[in-house]
Amino acid sequence: MPDPHGLHVPAVTLTAVQLLQSLLDQSKDYAFVLIDPDGRIVGWRGAAPTLFGYSEAEMLGRLIDDIFTSEDRALGLPSHERFVAAADSRSEDDRWHVRKDGTRIWMTGTVEKVVDHQDVLVGYSKVMRDRTDLRAHMEATENRLQALAHRQEATDVFFTRLVHELRNVLAPMSANLEFLRRCTEPQQTAAPVEALGRQMAVLVRVLDDVMDLASSHAGHLQLTWSQFDLAHELLSLERTLQQQAHRKQQLLQVLVPPGPVWLRADRERLHQIVVNLVSNALKYTPDGGAIWIKCTLEPKHVLIRVEDTGIGIAPDLLPTIFDLFTRVTTSGQGLGVGLTLVQDLVQAHGGTVEVRSSGVGKGSEFAVRLPLEGNERVARPEC
Ligand code: ADP
């Protein structure tokens with residue numbers, strides 16, 4: 001007669017031993033392996049044949065070592081497992097094993113010693129369950145944690161550099177302020193006032209870059225679109241940047257097409273892109289070198305190239321140059337955020353930025369390509 005749940009009820013009730021026997025034969029999840037004191041397999045039951053691909057006949061009499069990985073065998077883990085089980089009654093068994101076809105399977109389980117009625121060791125039982133899925137999860141989580149740890153490390157380095165950078169500027173600022181405080185002759189104040197202005201501008205730029213990058217990464221970068229003449233903007237930027245070039249006896253030249261170059265973009269952000277690239281060019285070009293800002297028109301884009309005759313970039317470093325915190329030089333200058341911000345700003349405009357350099361000492365070229373029509377869809381924050 002069926003029971004209330006519709007299950008078949010056998011006419012004869014099985015004994016516990018018979019039930020155990022059936023479990024050993026039928027388990028789909030658990031592999032039951034019985035091992036003699038020397039590590040030879042004397043029982044290969046439950047899900048063992050399906051999970052490992054070996055039949056019982058193939059495994060009886062073989063050493064348990066055969067399902068261990070070569071690395072674990074080299075470490076002596078098969079006998080160590082039995083040694084621990086013999087000493088502590090049981091040994092945890094969470095490890096990679098090897099199937100007949102050579103693939104690996106992550107098993108969790110235990111090895112327990114088996115003793116006779118006089119407490120003499122007669123063998124071991126090894127009960128295992130396939131948790132390859134769990135292991136894959138664990139590995140993905142471990143990888144994520146590792147990536148986060150790297151990120152954290154990079155952030156720590158970044159903050160150390162930020163403090164260093166700010167100190168570098170604040171120290172001469174305080175010295176200049178102190179000088180001004182003591183100064184009685186007005187004509188003597190011109191130089192420190194100019195120096196203070198320069199140092200303030202560096203401070204403001206560093207902090208602006210850090211703030212903008214933080215908003216960009218948080219997805220809060222806002223662009224204010226307008227139509228303007230790019231050629232005119234570049235020529236007016238040249239006048240500001242020319243002072244920096246003068247100080248290092250560098251040649252700075254802006255080459256634009258004749259007539260206006262109408263562009264739809266965020267004017268302030270465009271300044272930021274160009275100023276960042278040109279400031280780098282000035283910084284990484286020795287005294288007496290040259291920097292060009294070239295603007296050319298393509299059918300649907302405008303191309304702004306910042307070229308310099310500076311220290312150049314090694315080929316293997318080019319692919320990561322736009323990554324956050326990348327710094328190629330060991331001069332201790334810079335934070336490694338400027339180019340990441342440039343890339344973010346260019347992409348927010350629907351454009352691209354590329355770098356080219358023939359190698360160390362051979363100058364660099366950064367090419368920004370922006371759509372002439374603008375691309376406001378790209379920059380709209382997601383709601
Ligand atoms: P930083 O504040 O360090 O200049 P950036 O993100 O602007 O940060 O630049 C990252 C790195 O790329 C710099 O540290 C420098 O090594 C390299 N770099 C950038 N521009 C140039 C250039 N024009 N010439 C050579 N190297 C450059």
Side-chain angles (χ1 to χ4, degrees), residues 151 154-170 198-199 201-217 221 234 237-238 241 244-245 247-248 250-254 269-294 303-348 352-368:
R151 183 91 193 163
T155 309
D156 292 347
V157 172
F158 165 75
F159 278 108
T160 313
R161 278 192 211 146
L162 179 63
V163 171
H164 179 78
E165 198 84 347
L166 295 181
R167 277 213 189 116
N168 273 351
V169 184
L170 283 172
R198 266 200 321 271
Q199 289 138 9
V202 174
L203 258 190
V204 169
R205 216 190 107 218
V206 167
L207 293 177
D208 279 355
D209 277 3
V210 172
M211 294 293 288
D212 284 340
L213 200 72
S215 348
S216 166
H217 284 191
L221 191 70
L234 292 178
L237 275 177
E238 181 195 6
L241 295 162
Q244 291 179 48
R247 270 196 298 279
K248 290 180 76 182
Q250 290 164 327
L251 168 82
L252 174 67
Q253 243 185 345
V254 176
R269 298 302 191 185
L270 186 102
H271 281 203
Q272 220 174 345
I273 293 168
V274 175
V275 169
N276 257 311
L277 292 178
V278 177
S279 300
N280 273 348
L282 292 162
K283 185 157 66 169
Y284 299 114
T285 299
D287 292 6
I291 292 106
W292 294 275
I293 307 172
K294 297 179 182 173
L303 180 64
I304 308 164
R305 275 177 298 160
V306 177
E307 290 175 28
D308 64 57
T309 57
I311 60 169
I313 303 161
D316 57 324
L317 295 167
L318 289 173
T320 55
I321 198 96
F322 292 102
D323 291 354
L324 192 56
F325 308 141
T326 293
R327 282 194 329 169
V328 178
T329 55
T330 49
S331 63
Q333 282 186 313
L335 285 170
V337 299
L339 287 182
T340 312
L341 182 63
V342 164
Q343 190 177 45
D344 281 9
L345 292 176
V346 170
Q347 285 175 351
T352 56
V353 56
E354 287 166 12
V355 61
R356 225 169 289 153
S357 171
S358 302
V360 175
K362 298 197 172 145
S364 311
E365 177 191 323
F366 288 84
V368 174

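Numbering of ligands and ligand atoms starts at 1, following listing order.
- In this structure the side chain of Val355 reaches within 4.5 angstrom of the side chain of Phe322, judged on heavy atoms.
- You'll find the side chain of Phe366 reaches within 4.5 Å of the side chain of Leu339, heavy atoms only.
- The shortest side-chain heavy-atom distance between Arg205 and Asn276 falls under the 4.5 Å cut-off.
- Between Gln244 and Val278, the closest side-chain pair of non-hydrogen atoms is not below 4.5 Å.
- When non-hydrogen atoms are compared, ligand 1 lies under 4.0 Å from the backbone of Val337 (N, CA, C, O) but not from its side chain.
- Near Gly312, meaning under 4.0 Å from any of its heavy atoms, are these atoms of ligand 1: 25 (C).
- Side-chain contact between Leu251 and Thr309 is absent, with no heavy atoms from C-beta onward closer than 4.5 Å.
- Ligand 1 has an N or O atom lying under 3.5 Å from an N or O atom of Tyr284, backbone or side chain.
- Contact annotation: Phe366 has at least one heavy atom less than 4.0 Å from an atom of ligand 1.
- When heavy-atom distances to ligand 1 are checked against a 4.0 Å cut-off, Leu277 has no atom that comes that close, whether in backbone or side chain.
- Side-chain contact check for Lys248 versus Thr285: every heavy-atom pair is 4.5 Å or farther apart.
- Of all atoms in ligand 1, numbered sequentially from 1 with element shown, those under 4.0 Å from a heavy atom of Ile313 are 25 (C), 26 (N).
- Of all the listed residues (Ile321, Asn280, Thr320, Thr285), Ile321 holds the heavy atom that lies closest to atom 17 (C) of ligand 1.
- Residue-to-ligand polar distances keep Ile311 apart from ligand 1: every N/O pair is separated by 3.5 Å or more.
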